[in-house]
There are 2 protein chains.
Amino acid sequence: MSIDKKDQELLAHLQANARSSIAQLANKVNLSDTPCLRRIKKLESTGVISGYHATIEPKRIGLNVLVYAFVRLNQNSVTAANAFEEQVEKLQHVQECAVVSGSYDYLLKVVATDLEAYEHFVKYKLGSIDYIANIESTVVLKQTFNKKQLPL
Amino acid sequence: MSIDKKDQELLAHLQANARSSIAQLANKVNLSDTPCLRRIKKLESTGVISGYHATIEPKRIGLNVLVYAFVRLNQNSVTAANAFEEQVEKLQHVQECAVVSGSYDYLLKVVATDLEAYEHFVKYKLGSIDYIANIESTVVLKQTFNKKQLPL
DNA sequence: GGTGAAATTTTAGGTGC
DNA sequence: GCACCTAAAATTTCACC
């Protein structure tokens, strides 16, 4: 998959506004509609574009708290890792999960309505997952920015 | 702003696929087109929906590395904070920036082509920003999931 | 990569429930 | 508040050059 200048421009525009019409996009990158659409379809089918998603302001729906939670498991087995990953994905408040370097095994990005709800989440939801040794929470006091644009 | 069941369903669908047509959405939530569109416009104008963004697979465009970087400043002044936030936002490889609790001041989400590029980034880009006392990098070894769906 | 045309969709207004 | 209808404008998508 080779991504030329036009593709890069299309990706930039689609990251900024996923609901732009093909005609608008074609205009911005100086192509006519058909080749523009062809390029977008190709970017989709080759997996460069994996989806289009509305972004919701968490605070507008009552999710006022964001926390990064570091998790260490009590054993380094495939069984433990698989069990943990499977169970944590079911928790709707966990938005992202990553295996990380350092003294912890996982980093989770968690949303909650408030700190009390987060405490409850850690105690009863995360806390009920198998193989967890300990959890360290890093509370986000303020998000300074959250770009929706990867460097191309 | 009150968000009822239908709005919640619309938000869920738009988070899953931001390019759905109004007719498709109206069908899914058992509304006709007009009130469906009205609701979406309202969700947009009230800031519940802040935008629609194409999601790009970082690896498909050569961004193979993701790192969470904790940053501590060398002074707790408004001047230092403002200067840091302003300069770090200009770095395209920094996707997110948050003020956090704990022993560090900021948590940055950084993408890079590889670890060597990341090392270069820390040394010459982040490193050239004023007021930074030290940086601790937590490398993501594997992303297990990244949901595009907030709990409603 | 571009053109033109058909098919579909969006968007707005009006009516009555 | 909604469904239903109508209709113009815009958009998507196609075969073809």
Side-chain angles (χ1 to χ4, degrees), chain A residues 1-64 113 147-152, chain B residues 1-63 147-152:
Chain A
M1 183 71 202
S2 59
I3 292 168
D4 65 11
K5 198 88 176 76
K6 297 268 189 220
D7 287 331
Q8 287 185 15
E9 290 177 40
L10 284 173
L11 290 174
H13 288 299
L14 282 170
Q15 284 183 102
N17 182 8
R19 285 185 79 88
S20 303
S21 71
I22 303 298
Q24 286 175 330
L25 291 166
N27 199 37
K28 295 234 188 192
V29 303
N30 292 312
L31 278 175
S32 57
D33 297 4
T34 303
C36 178
L37 179 60
R38 267 203 291 262
R39 280 167 179 272
I40 291 169
K41 291 295 175 194
K42 187 167 186 182
L43 290 167
E44 290 170 0
S45 64
T46 55
V48 176
I49 296 173
S50 62
Y52 302 95
H53 310 281
T55 298
I56 294 178
E57 279 312 308
K59 289 186 180 172
R60 297 279 176 159
I61 57 170
L63 296 169
N64 300 297
T113 53
K147 292 178 189 162
K148 301 294 179 184
Q149 193 81 26
L150 287 172
L152 294 172
Chain B
M1 181 72 203
S2 58
I3 292 170
D4 65 11
K5 198 90 177 73
K6 297 270 189 219
D7 286 330
Q8 287 184 14
E9 290 177 39
L10 284 174
L11 290 174
H13 287 299
L14 282 171
Q15 283 184 101
N17 183 9
R19 285 186 78 88
S20 304
S21 73
I22 303 298
Q24 286 174 331
L25 290 165
N27 200 37
K28 295 234 188 193
V29 304
N30 292 313
L31 278 175
S32 56
D33 297 4
T34 305
C36 179
L37 179 61
R38 261 204 300 263
R39 281 167 178 271
I40 292 169
K41 291 294 177 195
K42 186 166 186 182
L43 290 168
E44 291 169 359
S45 64
T46 54
V48 177
I49 296 173
S50 62
Y52 302 95
H53 309 281
T55 298
I56 294 179
E57 278 313 308
K59 289 186 181 173
R60 296 280 175 160
I61 58 170
L63 295 169
K147 293 177 187 161
K148 302 294 177 183
Q149 194 81 24
L150 288 172
L152 294 172

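Each chain gets a letter, A, B and so on, in the order the sequences are listed, and its residues count up from 1. Keep in mind it's a predicted model, so treat the numbers as computed, not measured.
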* Structure fact -> Those residues at least two apart in sequence (or on a different chain) that pass side chain to side chain contact (heavy atoms under 4.5 Å, CB included) with B:T46 are B:M1, B:K42, B:V48

* Structure fact -> For A:A12 and A:L152 the tightest heavy-atom approach is N-CD1, 3.9 Å

* From CD1 (A:I22) to CD1 (A:I40), nearest 0.5 Å -> 4.0 Å

* Residue pairs fulfilling side chain to side chain donor-acceptor pair (under 3.5 Å) with at least one residue in residues 6-15 of chain A, sequence neighbours excluded -> A:D7-A:R39

* State the CD1-CD distance between A:I56 and B:Q149, to the nearest 0.5 angstrom. => 7.5 Å

* side chain to side chain contact (heavy atoms under 4.5 Å, CB included) partners for B:Q24, two or more places apart -> B:S20, B:S21

* Any pair with a residue in residues 13-34 of chain A that passes salt bridge (Lys or Arg N to Asp or Glu O under 4.0 Å), sequence neighbours left out, goes on the list, sorted by first then second residue, please. => none

* To do: Using five pairs at either end of the helix from C:dG1-D:dC17 to C:dC17-D:dG1, determine the angle between the two local helix axes and round it to 10 degrees.
  => 30°

* Structure fact -> Residues in residues 6-27 of chain A with a heavy atom under 4.0 Å of DNA chain D, by number, are A:S21, A:I22, A:A23

* Structure fact -> Distance col, row B:I3:CD1 vs A:I61:CD1, nearest 0.5 angstrom, shows 6.5 Å

* Asked: Which residues, if any, of residues 37-44 of chain A bring a heavy atom under 4.0 Å of DNA chain C?
  -> A:R38, A:R39

* **Boundaries of the DNA chain C segment in contact with chain B, non-hydrogen, under 4.0 Å** => C:dT9 to C:dG13

* Identify, residue by residue, the members of residues 47-56 of chain A with a heavy atom below 4.0 Å from DNA chain C, and return them in order of residue number, or none. => none

* Look up atom CG in A:N30 and atom SG in A:C36, then write down how far apart they are to the nearest 0.5 Å. => 11.0 Å

* Base, sugar-phosphate, or nothing: which does B:D4 touch, judged by heavy atoms less than 4.0 Å apart? -> nothing

* **Reported CG-to-CG distance for the pair B:L25 and B:L14, which is rounded to 0.5 angstrom** => 5.0 Å

* Asked: Excluding sequence neighbours, so at least two apart, what forms side chain to side chain contact (heavy atoms under 4.5 Å, CB included) with B:S50?
  -> A:T55, A:E57

* What is the minimum heavy-atom distance between A:P151 and B:L63, and which atoms define it? -> O-CD1, 3.8 Å

* What is the 5' to 3' range of DNA chain D, first to last nucleotide, that sits under 4.0 Å from any heavy atom of chain A? -> D:dT11 to D:dC14

* Apply side chain to side chain contact (heavy atoms under 4.5 Å, CB included) to B:K41 and list each qualifying residue two or more places apart in sequence or on a separate chain. => B:L37, B:E44

* Structure fact -> For A:A18 and B:A54 the tightest heavy-atom approach is CB-N, 3.6 Å

